[in-house]
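Following: one structure in structure tokens, then a few remarks.
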Amino acid sequence: VSGAEIPEQSKVNTHLLRYEVIARERPAGMEPPVDEETLVELARWGMRAQWALGDGDIPQDMEWAHDGQQLWFLQARPVTRLPHRSFDALASLPVIWSNANLKEVVAGLPTALSWSIIQDAVRDLLFTPLQAVGYDIPEGMPILRRFRGRAYFDLSALQWAYHDCFGYPPGQLNRELGGNQPEIPVPPGNPMKGAEGRRRQRRQLRTLLALRGIGRRLAKAHDEALARVAAFRERPLGDIDDAQLRTLLEEWRSYGTPHTHLFQLANSDAGVWLKFGRDLLTWLDPEGGEALLGRLLAAGGGMPSADALHGLHALATVADADPETRAWLQALRESEPGMTGGSRWQDLPPHSALRAALASYLQKYGHRALNETELANPRWHEAPGTLLRELARLLGTPGSEASGRAQAQRAQAQREVGRLPWWSRPLVRAVAARARRGMARRETGKSLVIAALEPLRRIALEAGQRLVLSLIHISEPTRPY
């Protein structure tokens, strides 16, 4: 504490729960105070203290001792003078914390379990395009944190990184993120001029090269993930010990990382063509070009979230055609207003068309959920009550009405393209088609990421059951409350 001794400084990487000692620095001639295994154990306890005492956001200054056999923790308190690491260019600027479109991905107040798991994925998500072209992100930069339980990201760092790497204007990034937010100041002049501009152009070219074949790669990964997750549902977890369960958790967290990168690359692919289409049409038609692009993108198809909705309408049509099934749904709605579980759908007779159709639907979309990044929420295949409630509401509703309106909007937009200059029409149609495919790929990427979360929920449930059983086995006088 007095500074009389120079201690060893060690770094342990905790990304994705794979604790790994990456650096040890100590004065010459000094013996290592503990071995690497103890360092990893110390890092695990440090993370537990950060979550227990700092809600996962505030690092803890811990005093500890080691008696040669085990660790002893003497005290812990919040780190009060931790510097905010960021880009050098932002040193004199305030940090702009924003939730922009993050609130759509991490809605509401995430539980500690969900936040501890998804924060690494969100960090990877924000910087995937930059890291794909070799752009350096400052080590230890706290890009994410929670305020009053809600997730925010460092918008200042994101604006600077995309401007410095690609020449992306902060205002344009704000627009892509979907909100009116402050903009950081950037150096004057054209960022695509000079030596730095040429470097940015090369990065943009490498990004386009990284997007080659993204549709094929994404479709293959999505199909493989759904098959692997479906197989994992059938795997018993009760016959493996705690260490094996933790290893399984680490494996599934690592499994989701490349899928997160694919999702963000698909997001970038969609963004490239949407920006190109918006710029082109607003140049051709400053008054109505952006609205025209929106109509050209309608009824694109191939989007898992939209296909899931259309599939629900198809299920409602199946139920409507069978008086027995229709009466069952109506009775279930009246007897179970919440319909949270919905397991009674398997009580339908074997010959029921809805039973077979719903089983097929859950096989395809059963990994989805409401507020699906929250691991506390059951997946549809676990508790399809929400789907049954929606089915009951859709009885008698024409299922093609919404899609018909979207198709009509797009047909009208295609006719409006005919009023543009003749030379621009093929280009506008081609860019709109690429943007539609990009949006579909982005949705497929989201479905892929959500699929990789399902095994983490199941493993967490198994761990929770074991913790409950361990408390039950503790005798009454010593049971912790």
Side-chain angles (χ1 to χ4, degrees), residues 14-17 43-62 76-86 94-127 140-159 174 177-182 249 252-253 256-257 260 263-264 338 340 368-379 382-383 386 446 449-450 452-461 463-464 467-468 480-481:
T14 63
H15 188 63
L16 299 178
L17 295 182
R44 290 187 186 277
W45 279 106
M47 289 299 295
R48 291 185 68 177
Q50 180 172 323
W51 277 98
L53 304 177
D55 202 26
D57 293 311
I58 303 174
Q60 302 295 305
D61 180 3
M62 300 174 61
R77 54 181 174 239
V79 177
T80 55
R81 295 184 178 273
L82 190 68
H84 182 84
R85 297 184 179 179
S86 189
V95 179
I96 304 170
W97 292 102
S98 169
N99 61 355
N101 61 353
L102 183 62
K103 59 182 176 288
E104 300 173 8
V105 180
V106 188
L109 301 171
T111 61
L113 171 65
S114 296
W115 183 241
S116 69
I117 287 178
I118 64 178
Q119 60 179 333
D120 283 335
V122 175
R123 286 192 186 98
D124 288 344
L125 195 67
L126 292 172
F127 290 118
M141 182 171 65
I143 189 67
L144 289 172
R145 68 162 300 169
R146 290 179 297 168
F147 294 94
R148 296 186 177 181
R150 299 184 185 275
Y152 288 78
F153 63 90
D154 184 347
L155 179 63
S156 304
L158 207 63
Q159 287 181 356
N174 282 352
L177 292 173
N180 296 318
Q181 299 159 104
L249 174 63
W252 275 105
R253 289 197 70 179
T257 300
T260 302
F263 170 42
Q264 184 56 20
T340 55
R368 307 304 294 261
L370 295 178
N371 188 8
E372 50 199 0
T373 58
E374 174 52 66
L375 296 185
N377 292 336
R379 310 295 104 169
E382 298 176 82
T386 301
K446 181 180 179 182
V449 170
I450 296 303
L453 287 178
E454 182 186 318
L456 301 180
R457 168 179 161 80
R458 184 163 176 242
I459 293 169
L461 287 172
L467 287 171
V468 170
Y481 286 95

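- Counting only heavy atoms from C-beta outward, the side chains of Phe263 and Asp124 never approach each other to under 4.5 Å.
- Across all non-hydrogen atoms, the minimal contact from Leu456 to Ile117 is CD1-CG2, 3.5 Å.
- Rounded to the nearest 0.5 angstrom, Thr373 OG1 and Trp115 CH2 are separated by 10.0 Å.
- Interatomic distance, CD1 of Ile118 versus CD of Glu374, reported as 7.5 Å (0.5 Å rounding).
- Contact record, Val79 with Asp61: CG2-N, 3.6 Å, taken as the closest heavy-atom pair.
- Of all heavy-atom pairs spanning Pro78 and Ile58, the tightest one is CB-CG2, 3.9 Å.
- Minimum heavy-atom separation, Pro110 to Gly108: CD-O, 3.3 Å.
- In this structure, the side chain of Arg146 engages the main chain of Asp55 through a donor-acceptor pair within 3.5 Å.
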Which atom pairs, one a donor and one an acceptor, fall under 3.5 Å between side chains of residues 151-159 and the rest of the protein, sequence neighbours left out?
{"from": "Asp154", "atom 1": "OD1", "to": "Ser156", "atom 2": "N", "distance (Å)": "3.1"}
{"from": "Asp154", "atom 1": "OD1", "to": "Ala157", "atom 2": "N", "distance (Å)": "3.1"}
{"from": "Asp154", "atom 1": "OD2", "to": "His84", "atom 2": "NE2", "distance (Å)": "3.3"}
{"from": "Ser156", "atom 1": "OG", "to": "Pro94", "atom 2": "O", "distance (Å)": "3.3"}
{"from": "Ser156", "atom 1": "OG", "to": "Ile96", "atom 2": "N", "distance (Å)": "2.8"}
{"from": "Gln159", "atom 1": "OE1", "to": "Ile184", "atom 2": "N", "distance (Å)": "2.9"}
{"from": "Gln159", "atom 1": "NE2", "to": "Asn174", "atom 2": "OD1", "distance (Å)": "2.8"}
{"from": "Gln159", "atom 1": "NE2", "to": "Pro182", "atom 2": "O", "distance (Å)": "3.0"}

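- Among residues two or more places apart in sequence or in another chain, the salt bridge (charged side-chain N to carboxylate O under 4.0 Å, His left out) test is passed with Arg457 by Glu382.
- Atoms CG and CD, on Leu126 and Gln264 in that order, are 7.5 Å from each other to the nearest 0.5 Å.
- Of all the heavy atoms in Asn371 and Asn377, the pair that sits closest is O-ND2, 3.2 Å.
- Side-chain contact between Gln119 and Val106 is absent, with no heavy atoms from C-beta onward closer than 4.5 Å.
- Within the 3.5 Å criterion, the main-chain N or O of Pro142 finds no donor-acceptor partner in the side chain of Arg123.
- The cationic group of Arg48 does not satisfy the cation-pi geometry with Trp51, failing either the under 6.0 Å distance to the six-membered ring centre or the 45° limit from the ring axis.
- No donor-acceptor distance shorter than 3.5 angstrom exists from the side chain of Gln50 to the backbone of Met47, with no hydrogens or angles considered.
- Within 6.0 Å of the CH2 atom in Trp97, the count of heavy atoms belonging to other residues, nucleotides or ligands exceeds 12.
- Inter-residue side-chain proximity for Leu109 and Arg150 is flagged as met; some heavy-atom pair is nearer than 4.5 Å.
- Between Trp252 and Arg458, the closest side-chain pair of non-hydrogen atoms is not below 4.5 Å.
- Distance check, rounded to the nearest 0.5 Å: CZ of Arg85 to CD1 of Ile143 gives 14.5 Å.
- Within the 4.5 Å cutoff, no side-chain heavy atoms of Glu372 are placed close to those of Glu454.
- With rounding to the nearest 0.5 angstrom, the CG atom of Asn99 is 10.5 Å from the CG atom of Leu177.
- When all heavy atoms are compared, the tightest approach of Met62 to Ala49 is SD-CB, 3.7 Å.
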